[in-house]
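Okay, structure first, notes after.
Here the structure is a predicted model, which is why all the values come from computation and not from measurement. Residue numbers start at 1 and run along the sequence shown.
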Amino acid sequence: MRAAGRVSVRDGSGRWGLGLAALAAVAIPFAVIAVLDPRIGLLRSRPASEAGNSSPGQTSSTQASPAQAPSTQTSSPQAPAPPLSQGPMPGPPASPSRRPWTDEARPQAAERPCPVCTAEAGPVTIRGTLADQEIQVPDVTAERTAQRERLIGWTAHPDRVPGSAATLDLIGLVYTAPREAGAGYRPLAIDLSEAPGRAVVVVTEQPVSLGLATVPADRAGALGVESSAAFTLAEGRPGLLAGFRALPYGAAEVAPVLDPLRFGPGTRRGFCEALRLWAVQFGLPAGRTRYTLIENPTRIALAGEALRTDGTTRGRVSGPRLARLCRA
């Protein structure tokens, strides 16, 4: 019989009941953590492919602590961990939904052409017919090709154009009167004899035949053309043109005639892009340009700042106002 001041851990059957209960209370949380912790993963069976695709860092860390494997196996005998190996283990492949991407399994992106790679320049597209094939017209590709080659022969070397003029006049042509019966291109004579410091760029949407008078007579690069229709020169000579952009001769786009009756954001944007191109071509700032819209002209003469014509002048924008228009 023990003293009354001491407490016995044995129950009535002589077992250590209280001690076992305390031990279970301490051990149960650790057992739950060992079962549920994903880092230990006793309830998750590792597929063979996952074990094979494990990174070298993971394998080395697992080999560096071999004491963890026996403790894991004894904690949950129902789900033993797979044995460690130095390389991939044979086994059924993982399902496509769970298989990690590898170099062999990763889908290859479609190859896209390099936008800056050097490519052989293709031939110039000559528009022998209209873009809308619903309107049937004769094929004049051979004629357009011959016209373009002839105009190129009359175009000045690009080094002779910058600085050849102090002011650039863009002249938009609007034709409201029908051509005479049997007439070909609309004739337009341009006289720069009294304006040696000015150059002209004609913007037109109808076929025209241009004549140019200059002083000296062999002045180079005094005339440029921006046209959505074919054009020609009445009396061509080498070096007369400063350049040209025309849809029938292969240009991708040209400036529209800037007309107040059909003015819009698209019209202004296309016109201003052409204005900047021609200003750079002549080596001039936008403030040294002027635009004049003329209806049904056959003659245009410049004398200093003055402009005379037999047509009707419908508007003029010059200098800073034109530069502000294109900045807006």
Is there a continuous path of hydrophobic side-chain contacts, each under 4.5 Å between heavy atoms, that joins V225 to V280? no
ILVMFWY cluster, L241 and Y185 together (side-chain gap under 4.5 Å): no
In chain order, what residues pass the ring pair (Phe, Tyr, Trp, His ring centres under 6.0 Å) check against Y291, with sequence neighbours excluded? F271
Just jot down the ring pair (Phe, Tyr, Trp, His ring centres under 6.0 Å) partners of F231, sequence neighbours excluded, or say none. F244, Y249
Could you check V203 against V254 for side-chain contact (heavy atoms from CB on, under 4.5 Å), going step by step and ending with a plain yes or no? CA-CA 9 Å; V203 184; V254 299; over 6 Å; no
If you count every heavy atom of other residues, nucleotides or ligands that lies below 6.0 Å from [X] atom [atom1], does the total exceed 12?
X    : atom1 : result
R321 : CZ    : no
R150 : CZ    : yes
E235 : CD    : no

[X] side-chain N/O to [Y] backbone N/O, donor-acceptor pair under 3.5 Å:
X    : Y    : answer
T214 : P216 : yes
R290 : R316 : no
N296 : T176 : yes
R179 : G184 : yes
T289 : P285 : no

Heavy-atom side-chain proximity of [X] to [Y] below 4.5 angstrom:
X    : Y    : value
L151 : L233 : yes
P207 : R186 : no
L325 : R268 : yes
D310 : P297 : yes
L302 : D191 : no
L293 : T313 : no

Quick one: closest heavy-atom pair of [X] and [Y], and the distance?
X    : Y    : result
R219 : A165 : NH2-CB, 3.9 Å
P248 : S227 : CD-O, 4.5 Å
A323 : A286 : CB-CB, 4.2 Å
W278 : G224 : CH2-CA, 3.9 Å
G270 : P256 : C-CD, 3.8 Å
A195 : G304 : CB-N, 4.1 Å

For the pair L192 and L212, evaluate side-chain contact (heavy atoms from CB on, under 4.5 Å) and give the outcome as yes or no after the intermediate values. CA-CA 7 Å; L192 299 180; L212 182 66; 3.9 Å; yes
Got a second to check how far [X]'s [atom1] is from [Y]'s [atom2], nearest 0.5 Å?
X    : Y    : atom1 : atom2 : value
L173 : L210 : CG    : CG    : 8.0 Å
R237 : W154 : CZ    : CH2   : 11.5 Å
L170 : L322 : CG    : CG    : 7.5 Å
L277 : L275 : CG    : CG    : 9.0 Å
R308 : R299 : CZ    : CZ    : 11.0 Å
T309 : L188 : OG1   : CG    : 7.5 Å

Using the side chain to side chain contact (heavy atoms under 4.5 Å, CB included) definition, which of the options I135, D139, V140 pairs with V137? I135
With side-chain contact (heavy atoms from CB on, under 4.5 Å) as the test, would you mind laying out the steps for L284 and T167 before giving the verdict? CA-CA 8 Å; L284 296 173; T167 308; 5.7 Å; no
Tell me, please, which residues at least two apart from R245 pass side chain to side chain donor-acceptor pair (under 3.5 Å). E226
May I ask you to say whether R314 pairs ionically with D259, meaning some side-chain N is under 4.0 Å from a carboxylate O? yes
Have Q147 and T232 got a donor and an acceptor in their side chains that come within less than 3.5 Å? no
Could you go through the side-chain contact (heavy atoms from CB on, under 4.5 Å) check for V201 and I171 one step at a time? CA-CA 6 Å; V201 173; I171 299 178; over 6 Å; no
